[in-house]
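Computed from a predicted structure; not experimentally measured.
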Amino acid sequence: MKLRIRDLREDRDLAQKTVAADLLCDQSLYSKYERGERPLPLELADRLADYFNTSVDYLLGRTDETAPYPPSRRK
């Protein structure tokens, strides 16, 4: 997982500081998520998937399909 979020960020030429600010978290904490030093909370994984327009499963390495899932119909 740590390599996927780093690769997604680097592919878009974004700095850790930029992604962290957009996600409303501290850059040093985000850096620890990328390096695998801290577990990535589910809420942040969900926000990162939306941010990078992919699925949480892709971030977690459960699939190699980068396309996000279609939105669910919530009532």
Side-chain angles (χ1 to χ4, degrees):
M1 180 174 57
K2 61 184 175 182
L3 296 177
R4 289 246 165 116
I5 61 175
R6 184 176 126 198
D7 288 345
L8 286 167
R9 177 183 59 79
E10 289 178 345
D11 288 348
R12 289 160 179 78
D13 294 323
L14 297 170
Q16 284 182 348
K17 185 176 182 176
T18 302
V19 176
D22 290 346
L23 297 174
L24 305 174
C25 75
D26 185 68
Q27 182 272 328
S28 64
L29 180 60
Y30 180 79
S31 176
K32 290 176 183 176
Y33 295 142
E34 276 195 358
R35 293 191 313 262
E37 294 176 9
R38 297 274 312 257
L40 185 64
L42 183 57
E43 179 182 322
L44 189 56
D46 184 48
R47 291 191 343 227
L48 278 169
D50 288 344
Y51 187 82
F52 290 121
N53 193 34
T54 191
S55 68
V56 173
D57 280 349
Y58 179 77
L59 295 179
L60 298 175
R62 295 176 56 132
T63 183
D64 290 329
E65 177 63 48
T66 59
Y69 298 120
S72 63
R73 297 179 191 234
R74 298 178 187 170
K75 292 183 180 183

Given side chains that start at C-beta, do those of Tyr33 and Pro41 come closer than 4.5 Å, heavy atoms only? yes
So, does Arg6 use its side chain to make a donor-acceptor pair with the main chain of Arg35 at under 3.5 Å? no
Intermediate values then yes/no, salt bridge (charged side-chain N to carboxylate O under 4.0 Å, His left out), Arg4 and Asp64: CA-CA 10 Å; Arg4 289 246 165 116; Asp64 290 329; 2.7 Å; yes
Between the CD atom in Glu65 and the CG atom in Asp57, the distance rounded to the nearest 0.5 Å is 11.0 Å
Please find the pair of heavy atoms, one from Ser55 and one from Ala49, that lie closest to each other, and give the distance. C-CB, 3.8 Å
Contacts of type side chain to side chain donor-acceptor pair (under 3.5 Å), residue Asp22, not counting sequence neighbours: Tyr51
From the list Thr54, Leu8, Leu23, side chain to side chain contact (heavy atoms under 4.5 Å, CB included) partner of Leu48 resolves to Leu23
Can you confirm whether Tyr30 sits close enough to Leu40 that some side-chain heavy atom of one is under 4.5 Å from a side-chain heavy atom of the other? no
Would you give the length of the straight line joining atom CG of Leu29 to atom CD of Glu34, rounded to the nearest 0.5 angstrom? 11.0 Å
Ignoring hydrogens and geometry, is there a side-chain-to-backbone donor-acceptor pair from Arg38 to Lys32 under 3.5 Å? no
With a 4.5 Å cut-off on side-chain heavy atoms, are Tyr69 and Val56 touching? no
Pairing residues for Arg12 by the side chain to side chain donor-acceptor pair (under 3.5 Å) criterion, not counting sequence neighbours: none
Under the side chain to side chain donor-acceptor pair (under 3.5 Å) test, residues paired with Asp26 that sit two or more places apart: Ser28
